[in-house]
Structure formats: structure tokens, C-alpha cells
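Every chain is numbered from 1, with letters handed out A, B, ... down the list of sequences.
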Amino acid sequence: MRHWLMKSEPDVYSIDDLRRDGRTSWEGVRNYTARNWMRDDMKEGDLVLYYHSNAEPSGVAGVAKVVRDAYPDPHALDPASHYYDPTAKPDVPRWVSVDIGFVERFPAIVPLAALKAEPDLAGMEVTKRGSRLSVHPVDAAHFEKVRAMGRAQG
DNA sequence: GCCAACGTTGGC
DNA sequence: GCCAACGTTGGC
């Protein structure tokens, strides 16, 4: 099983939205590196650090899990969608979605500053300057550490 | 609001 | 195929 980090702006869709809905489709990824990970390596049962970006504070808000492997992103084919891509075709969908389910919400956000300050998390992608990928893998040890930090708060 | 990082686009 | 311009992300 792999571990991942996925970024969402809480003003758009937060961990509380995911808890309310139980599960959701992860749509609108329009970056090839992120897409390739979703398409090729994300599998049902994988665990996900749910990260709030552009937030106060930004940081890891909880844990989700992959509940459906990649499938063509329907929004890419929908002209009415914000995520419409005129170069995507039904036979060559180009972009993919996965579905994720709610697992847990931490008592408090684990802020990015706390991740950066933790020696055990040295080298973690999200702590690097200029890290922009909205979906990327996380080492199992880093995942466990962040989850422990999240549970220890509050 | 600023700006660094960096992926994508398009002229050549 | 190079690379400058442009657009987006996202921390601060």
C-alpha cells in the first residue's frame, strides 16, 4: 500500500466537507505528473494526508483513503465545467479522477511550519520550497509521523 | 498583494 | 527543439 498527500483549498472543499459527504470524487487535476501518479499508482485502500492549502494555517487536516481507482475525469469532457479541456476526448480522456473517502479529522491542523520544524520529516515533499504538486507520494514513515502529530494535538 | 517556482504554450 | 512569455500554485 502507498501513501499520498492531496491538497485542497478548504474554501473549496475542506476535510469537514469530506466528513459530511463520506466520500467524493477528486476532480480537476490538470498536471501530468500528478495525473500519472493518480492513474498509475493510486490504488483503492491507499491512505492520504488531506492537506489544506491557501488556508490559515495551511497544513494537514486529516486522513482520507482511496476508495476507487482512477477513471476518466468527466469534467474534462463537460463544456459547462470549470475543468473542461477541449483537447480531451471520450476515447482519449487525458485526465483522470479518483474517489476518496473520509477516514479521520485531526483535532487541529498540523501546520506546514510544524512539518518543516520536525526533523523526522526532513525531505518531505510538501516542506520543500516551491512544492506545488497537488497530488504526490509520501513515505510511509512520514505518513505515520504526521498522523501521530495530528492525533497528539488538541 | 507579492513573488518564487515551475509547467505549458507557441514563435521561430 | 529552443526558450521567452505566460499562467498557475501557494506560502507568506
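Pairs of residues two or more places apart, or lying in two chains, that qualify as ring pair (Phe, Tyr, Trp, His ring centres under 6.0 Å) and include a residue from residues 52-94 of chain A are Y50(A)-H52(A). Sorted by first and then second residue, the ring pair (Phe, Tyr, Trp, His ring centres under 6.0 Å) pairs with a member in residues 93-118 of chain A read Y32(A)-W95(A); sequence neighbours excluded.
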Give the table of side-chain donor-acceptor pairs shorter than 3.5 Å for residues 137-149 of chain A, with sequence neighbours excluded, one pair per line with atom names and distance.
residue	atom	partner	partner atom	Å
H142(A)	NE2	D120(A)	O	3.4
E144(A)	OE1	R147(A)	NH2	2.7
E144(A)	OE2	R147(A)	NH2	3.3

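At a threshold of 4.0 angstrom between heavy atoms, the contacts of R30(A) with the nucleic acid are absent.
In this structure E125(A) satisfies the side-chain contact (heavy atoms from CB on, under 4.5 Å) test together with K128(A), S131(A), H136(A), sequence neighbours excluded. Qualifying side-chain contact (heavy atoms from CB on, under 4.5 Å) partners for V98(A), counting only residues two or more places apart in sequence or in other chains: M6(A), W26(A), M38(A), M42(A), A70(A), I100(A).
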**Study point:** Footprint string (nucleotides 5-12 of chain C, 5' to 3'): B base within contact, S backbone only, - free, heavy atoms under 4.0 Å
**Key:** --BBBBBS

